[in-house]
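To start, the structure itself, in structure tokens.
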Amino acid sequence: MSNEKIKPKLNGTAETMLQCFYARAMHSRNPKNKFRDTKAEELIDRIDYDFSNAKKDTAMSGGIVARSVVFDELVSDFIRKNPDCTVVNIACGLDTRFYRMDNGKITWYNLDLPETIEVRDSIYQESGRVSTIACSVLDPAWADQVKVRGKMLFIIEGLTMYMKADEVRMMLAIIRDHFDNAYVMMETTSPFWVKKQSIEASVAATGAKFTWGANSFAEMESLAPGFVSVKDDNIL
């Protein structure tokens with residue numbers, strides 16, 4: 001892996017992945033904190049980007065770490081029960097969860113837009129049991145690139161707040177129509193926080209806009225025909 005600095009050319013929703021990555025890395029570097037993301041710590045200095053807004057945005061960083069801890073617990077439990085499962089990490093950005101979860105058996109696909117995967121590939125250079133798919137989640141073509149099937153876990157974190165309701169419906173329909181044994185872990189933002197986006201100043205500065213939210217599966221059940229709720233978790 002090269003140590004050359006990477007200068008991402010991103011804006012809007014795609015750019016928010018940099019704030020998320022920075023938040024996890026900085027939290028992990030503080031020895032007082034229990035959450036550890038050693039991969040983010042290792043790689044954050046390779047990114048040539050002005051993180052000054054992210055450094056000041058405690059609302060953003062606190063939320064990122066909280067959801068990371070919750071998802072880590074849920075994903076770890078799923079993998080423990082299904083040790084040879086396949087995981088599709090939707091809107092992966094620079095997520096490092098595979099490196100915290102890997103048991104030597106899972107297959108992991110990181111899916112995101114081509115411009116995002118270009119940045120990710122330049123840093124991670126992943127292959128084998130962990131690899132990337134450069135495609136919009138709204139394009140059914142991505143499903144054909146998931147070659148290893150079986151017990152399937154789909155992680156949707158840090159995405160739906162930037163989508164419209166019909167796009168959420170379309171994304172879930174692609175999963176439903178192309179995969180058996182599909183278990184989805186999806187984060188949604190409360191409609192209250194959709195209206196309060198300005199609190200997360202570093203995210204707002206990218207031009208990304210919160211557009212949709214739901215407090216529970218019951219509020220979005222009409223968008224997910226064919227799915228049933230296992231449980232709702234509230235991280236607040």
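Just so we're clear, the structure is a prediction, and the values are computed from it rather than from any experiment. Keep in mind that the numbers below use all heavy atoms, side chains included, and drop hydrogens, waters and symmetry copies.
In this structure, Asp57 and Val203 approach most closely via the heavy-atom pair OD2-N, 4.1 Å. Asn53 and Ala205 get closest at one heavy-atom pair: ND2-CB, 3.8 Å. Heavy-atom minimum distance, Ile117 versus Cys92: CD1-SG, 3.9 Å. Taking every heavy atom of both residues into account, Ile64 and Arg24 meet most closely at CG2-CG, 3.9 Å.
Under the 4.5 Å side-chain heavy-atom criterion for ILVMFWY residues, a single connected hydrophobic cluster contains both Tyr162 and Met60.
Side chain to side chain, Tyr109 and Gln145 fail the donor-acceptor criterion of an N or O pair below 3.5 Å.
For the pair Asn103 (side chain) and Pro83 (backbone), a donor-acceptor distance under 3.5 Å is present.
With Arg97 as the partner, the side-chain hydrogen bond (donor to acceptor under 3.5 Å, both in side chains) test is satisfied by one option alone out of Asn89, Asp102, Asp72, Asn110: Asp72.
Note: Phe51 and Tyr22 have parallel aromatic rings, judged against thresholds of 30 and 60 degrees for the angle between ring planes.
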Can you list the steps and then say if Glu73 with Val69 is a side-chain contact (heavy atoms from CB on, under 4.5 Å)? CA-CA 6 Å; Glu73 291 176 353; Val69 170; 4.0 Å; yes
Are Phe78 and Tyr183 close enough, and set up right, to give a ring pair (Phe, Tyr, Trp, His ring centres under 6.0 Å), and what steps lead you there? CA-CA 9 Å; Phe78 185 92; Tyr183 190 104; 5.2 Å; yes
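A cation-pi arrangement, defined by a distance under 6.0 Å to the six-membered ring centre and an angle within 45 degrees of its axis, is absent between Arg67 and Phe71.
Under the 6.0 Å cut-off for aromatic ring centres, Phe179 and Trp142 qualify, their centroids lying closer than that.
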